[in-house]
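Below: one structure in structure tokens.
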Number of protein chains: 2
Amino acid sequence: MPSSSLEPQSDAASSATPDTDVPVAGLKARLLNHLEAAPLRASQRLPSEREMIERFATTRVTLRDTLLQLEAEGRIYRENRRGWFVSPPRLRYDLLACLPFRDMVESQQRVASTEVLAAGEVAANAVIARRLGIAEGSVVYRITRVRRIDGRRVLHVCHHLRRDCFPGILDFDLGAHSLTDLYRHEYAIRVSRVSFELASTVFDAEAAAALNAAQGSPAQRITRINFDQNGRAVDCDDEHWRHDAIELTLSAAPQS
Amino acid sequence: MPSSSLEPQSDAASSATPDTDVPVAGLKARLLNHLEAAPLRASQRLPSEREMIERFATTRVTLRDTLLQLEAEGRIYRENRRGWFVSPPRLRYDLLACLPFRDMVESQQRVASTEVLAAGEVAANAVIARRLGIAEGSVVYRITRVRRIDGRRVLHVCHHLRRDCFPGILDFDLGAHSLTDLYRHEYAIRVSRVSFELASTVFDAEAAAALNAAQGSPAQRITRINFDQNGRAVDCDDEHWRHDAIELTLSAAPQS
DNA sequence: TAGTGGTCTAGACCACGGA
DNA sequence: CCGTGGTCTAGACCACTAT
């Protein structure tokens, strides 16, 4: 077992890491962990891959494997062809609080922003029709947005709204207003029940492009259906989050 | 666009693969997708990596990247050094139904089994103490189990129970009984509120070993705290699921 | 245009699994 | 024991980003 000191020596050598008896693989992984543990960067960019290769005396493939590992752990992330970055702390997302995005983000001392990618009418496909309890092919509103936290694009959302519930809603500024606020104040519709479906996957091509994520980056999918005070499904949305951006929370009475 | 049938043919040479203008990356990814789409295997093992290399005329590294992608998508999974397998359909896990594991699994026509890895007493660390509202260092029961669906190890759970709530619970057969059933019938404690914390990460070394997962495989972490009818936290658990094994669902009234 | 990450080739040795 | 996946080396070309 080579107990050599595999230290990144930028200027002053970060000494005192025995690195002996590294049991099994990892090797470089711990190494990179240490890289982050030591300077504890804020949310900055890592050195370029070629630079890290030299620093750690390793290969592109090996380095890349390690970076992908750390990405899976949620410790770093990448922007497509732009580089690797240290992940900021996860936003706590209380599924049942039903806070507007902006409020949720700001209550955690972060900065929120929203971008509307598209807003229009489409015919509901089978999935959407089933969720909303309407006939396939019915025209619904579709709104696609990207949301940022502290400038970082973390969420791609696609909403489908029953047109008969929210006539003319596209005329509002959907980048500035919370949809649930519009529901309540402009349409007298209150969300009185929500139903979720969560799974961990990767971004599809569209979401990846919108978030500037590499295709194949891990993503958290959240599908939500909102029901109004009459138990009618009024809208649904498909959210794809950078998986390292959130930690979901939830507190409720079980239905037993 | 090459609409040719990209079929893996074992003996016959892998001819007729134009490979022209494959738009962007993927290349092999689509190829492997097709591999699965065509025969639509049940939950069987994929050919060995070296065999696939030949079949698809590619390299180990490239092949491996592709497999890891499919793993991240939740379409295949691996057992440590044993090979790659097609992922079975996800189990729907209703967070608020609070069904015992066995019931949940069997209600979906699957077969459940449980293995107790360890059961004993430990001193509560800071995290556990905070969750349970007890003093750090208090002695609690700890139960570690592995759960299977259709024989596949999918879940590593570690429970921490307040000893004053469940005296002598370790004497029951914890592999056969549901904990919540024991709570109710043996200790007259009913779970009347649950609080969750969900995040997507990778397995730690212990969980990976217990599930025979490769270290670094993606995992869904679910932390739960159970409160009894008096609002007292009586136990908590840390679940680590193979991320492709579940789809979480949830339906409730928001707390607005 | 220079440098970056994304993708890929063609090998190698090791530790562990299963027969 | 052989075959498997796990890890690693040492390069290469391309598409895109940033300047």
Side-chain angles (χ1 to χ4, degrees), chain A residues 1-2 4 6 21-32 44-72 76-86 153 202-203 205 208-209 211-218, chain B residues 14 17 19-32 44-72 76-86 153 202-203 205 208-209 211-218:
Chain A
M1 49 199 73
S4 63
L6 302 171
D21 66 13
V22 229
V24 209
L27 189 64
K28 307 292 177 188
R30 323 277 158 92
L31 218 146
L32 276 178
Q44 225 57 29
R45 182 161 174 274
L46 269 57
S48 83
E49 295 187 357
R50 273 136 182 124
E51 200 174 332
M52 288 191 273
I53 287 172
E54 285 215 15
R55 288 245 275 259
F56 297 118
T58 182
T59 337
R60 191 83 187 284
V61 179
T62 306
L63 202 238
R64 212 124 213 293
D65 278 356
T66 306
L67 293 172
L68 291 169
Q69 281 267 345
L70 293 171
E71 180 188 46
I76 64 176
Y77 69 98
R78 52 189 157 148
E79 284 184 18
N80 205 7
R81 288 176 192 280
R82 288 201 349 109
W84 295 88
F85 303 83
V86 177
R153 286 190 276 250
V202 300
F203 288 116
L211 296 182
N212 211 343
Q215 51 178 152
S217 299
Chain B
S14 55
T17 53
D19 273 349
T20 53
D21 66 12
V22 228
V24 208
L27 187 65
K28 309 291 177 186
R30 325 278 158 91
L31 217 148
L32 276 179
Q44 224 58 30
R45 182 161 175 275
L46 268 60
S48 84
E49 294 186 358
R50 275 140 181 117
E51 199 174 332
M52 288 191 271
I53 288 172
E54 284 215 14
R55 291 244 275 258
F56 297 117
T58 181
T59 336
R60 190 84 184 285
V61 178
T62 306
L63 201 239
R64 210 125 213 292
D65 278 355
T66 306
L67 293 172
L68 290 170
Q69 281 268 347
L70 294 171
E71 180 189 45
I76 63 177
Y77 68 98
R78 53 190 157 146
E79 283 184 19
N80 206 5
R81 289 176 191 277
R82 287 199 352 107
W84 295 89
F85 303 83
V86 177
R153 288 191 276 251
V202 299
F203 288 115
L211 296 182
N212 212 343
Q215 52 177 150
S217 299

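Labels below follow one simple rule: chain letters A, B, ... track the order of the sequence lines, proteins then strands, and each chain is numbered from 1. Scope of the values below: all heavy atoms of this structure, side chains included, with no hydrogens, waters or symmetry mates. Since the model is a prediction, treat every value here as computed from it, not as a measurement.
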Legend entry - Length of the CZ-P vector between B:Phe56 and C:dC8, whole Å: 14 Å

Inset, instruction - Check whether any side-chain N or O of B:Arg45 sits under 3.5 Å from a backbone N or O of B:Arg82 as a donor-acceptor pair, and report yes or no. - result: yes

Inset, instruction - Kindly say if B:Arg81 contacts the phosphate of D:dT7, meaning a side-chain N or O under 4.0 Å from OP1 or OP2. - result: no

Inset, instruction - Select from A:Arg60 and B:Glu49 the residue whose nearest nucleotide in DNA chain D is closer to the 5' end of that strand. - result: B:Glu49

Legend entry - Contact under 4.0 Å: B:Arg82 side-chain N or O vs C:dG18 OP1/OP2: yes

Legend entry - Donor on one side chain, acceptor on other, A:Glu71 and A:Trp84, under 3.5 Å: no

Inset, instruction - Examine C:dT9: is either OP1 or OP2 under 4.0 Å from a nitrogen or oxygen in the side chain of B:Thr58? Give yes or no. - result: yes

Legend entry - Spacing of A:Glu79 atom CD relative to D:dT17 atom P, expressed in whole Å: 11 Å

Inset, instruction - Hey, which sits more toward the 5' end of DNA chain D by its nearest nucleotide, A:Asn212 or B:Trp84? - result: B:Trp84

Inset, instruction - Give the rounded distance in Å between these two atoms: CZ of B:Arg50 and P of C:dG11. - result: 13 Å

Legend entry - Length of the CD-C1' vector between A:Glu54 and D:dT9, whole Å: 15 Å

Legend entry - A:Glu51 backbone acceptor or donor facing A:Ser48 side chain under 3.5 Å: yes

Inset, instruction - Indicate yes or no: does A:Arg50 engage A:Glu54 in a salt bridge with an N to O separation below 4.0 Å. - result: no

Legend entry - Rounded distance in Å - CG (B:Asp65) to P (C:dT9): 11 Å

Inset, instruction - Pick base, sugar-phosphate or nothing for B:Thr59, based on heavy-atom distances below 4.0 Å to the nucleic acid. - result: base

Inset, instruction - Quick one: label A:Arg78 by what it contacts on the DNA or RNA (base, sugar-phosphate, nothing), any heavy atom closer than 4.0 Å. - result: sugar-phosphate

Legend entry - Nearest-Å distance for atom pair CG/C1', residues B:Leu46 and D:dT4: 14 Å

Legend entry - Donor-acceptor under 3.5 Å (B:Arg78 side chain, B:Leu68 main chain): no

Inset, instruction - With DNA chain C as reference, determine whether A:Val61 or A:Gly83 sits nearer its 5' end, using the nearest nucleotide of each. - result: A:Gly83

Inset, instruction - For A:Ile53 and D:dT9, give me the distance from atom CD1 to atom C1', rounded to whole Å. - result: 11 Å

Inset, instruction - To the nearest Å, give me how far apart CG (B:Asn80) and P (D:dT7) are. - result: 8 Å

